[in-house]
Amino acid sequence: MTAQSPVSVLGEDECWQLLSGVTLGRLVTTIGTRLEIFPVNFVVQHRTVLFRTAEGTKLISTLLNDRVLFEADDHNLVGGWSVIVRGEPQLLESPDEIAEAERGQLLSWIGTTKRRFVRIRPKEISGRRFVFGSEPEDM
């Protein structure tokens, strides 16, 4: 009998399923050579990540880049997981795009106006599941 590995690689379908079950993630962008990270509430829609934002640094830094990272995770007492999406951000501008985004039921967590929808179209998605436990003893 072998011990279960404390880290396992997730398949693409499982990554999307896990992302669909949480609503808070982190967007990573760059401004010049400076990395920026922003917490965002989001939804998964048609295997893309959709979030809303107001005018400002988050929107500008996202749109100045043709590539961004998005990460979300969750955990409980026995384990956790993390999923990373590498993709291209797209500001939704057409009435059809905005109507589709609004069907995602993405609501702001705080009382601010967030009129801009951004969709991250994935180029790559990867994830890991973790089983918590004690450090193995040296033999």
Side-chain angles (χ1 to χ4, degrees):
M1 185 171 147
T2 61
Q4 179 182 0
S5 172
V7 180
S8 57
V9 175
L10 301 174
E12 184 176 334
D13 289 340
E14 190 172 8
C15 287
W16 286 114
Q17 180 183 11
L18 290 168
L19 281 179
S20 295
V22 295
T23 59
L24 181 65
R26 285 158 291 287
L27 172 71
V28 180
T29 67
T30 58
I31 299 176
T33 59
R34 181 183 167 107
L35 290 169
E36 298 288 342
I37 187 165
F38 303 96
V40 294
N41 61 307
F42 74 99
V43 295
V44 169
Q45 191 179 52
H46 310 299
R47 289 197 172 209
T48 67
V49 173
L50 178 68
F51 67 93
R52 292 175 81 154
T53 188
E55 305 290 332
T57 305
K58 184 189 321 175
L59 180 63
I60 292 167
S61 68
T62 300
L63 299 179
L64 287 176
N65 291 282
D66 60 352
R67 295 175 294 152
V68 296
L69 287 176
F70 178 83
E71 190 272 345
D73 54 55
D74 199 10
H75 71 283
N76 57 31
L77 292 175
V78 296
W81 58 266
S82 173
V83 171
I84 296 173
V85 176
R86 291 170 172 84
E88 297 176 354
Q90 174 193 8
L91 177 64
L92 304 185
E93 297 181 284
S94 79
D96 289 343
E97 291 172 328
I98 292 169
E100 175 70 15
E102 287 175 343
R103 285 191 285 277
Q105 299 293 309
L106 179 58
L107 304 173
S108 180
W109 280 16
I110 58 175
T112 59
T113 302
K114 297 181 178 179
R115 299 192 196 293
R116 303 294 189 168
F117 285 98
V118 177
R119 186 179 303 280
I120 301 173
R121 298 197 179 277
K123 294 296 181 187
E124 179 184 337
I125 185 169
S126 61
R128 303 282 184 275
R129 183 177 298 281
F130 310 99
V131 178
F132 299 154
S134 301
E135 184 175 332
E137 293 182 27
D138 291 332
M139 297 273 176

So do Lys58 and Val40 actually touch side chain to side chain, heavy atoms under 4.5 Å? yes
Is the distance between the ring centroids of Phe51 and Phe70 under 6.0 Å? no
Do Phe42 and Leu27 have side chains that get closer than 4.5 Å, going by heavy atoms? no
Examine distances only and state if a side-chain atom of Ser94 and a backbone atom of Glu97 form a donor-acceptor pair shorter than 3.5 Å. yes
For the side chain to side chain contact (heavy atoms under 4.5 Å, CB included) test, which of Leu10, Leu19, Ile84 pairs with Ile125? Leu19
Side chains of Pro122 and Thr48: does their closest heavy-atom pair fall under 4.5 Å? yes
Judged by modelled atom types alone, do Gln45 and Arg103 share a side-chain donor-acceptor pair under 3.5 Å? no
With a cutoff of under 4.5 Å between side-chain heavy atoms, which Ile, Leu, Val, Met, Phe, Trp and Tyr residues group with Phe130? Val7, Phe132
Just by modelled atom types, is the Asp13 backbone N or O under 3.5 Å from a matching donor or acceptor in the Gln17 side chain? no
Minimum side-chain heavy-atom gap Asp66-Glu88 below 4.5 Å: no
Heavy atoms, side chains only, cut-off 4.5 Å: are Leu59 and Leu91 in contact? yes
Note, Leu92 side chain near Glu100 side chain (heavy atom, < 4.5 Å): no
Backbone N or O of Gly80 within a donor-acceptor pair of the Asp73 side chain at under 3.5 Å? no
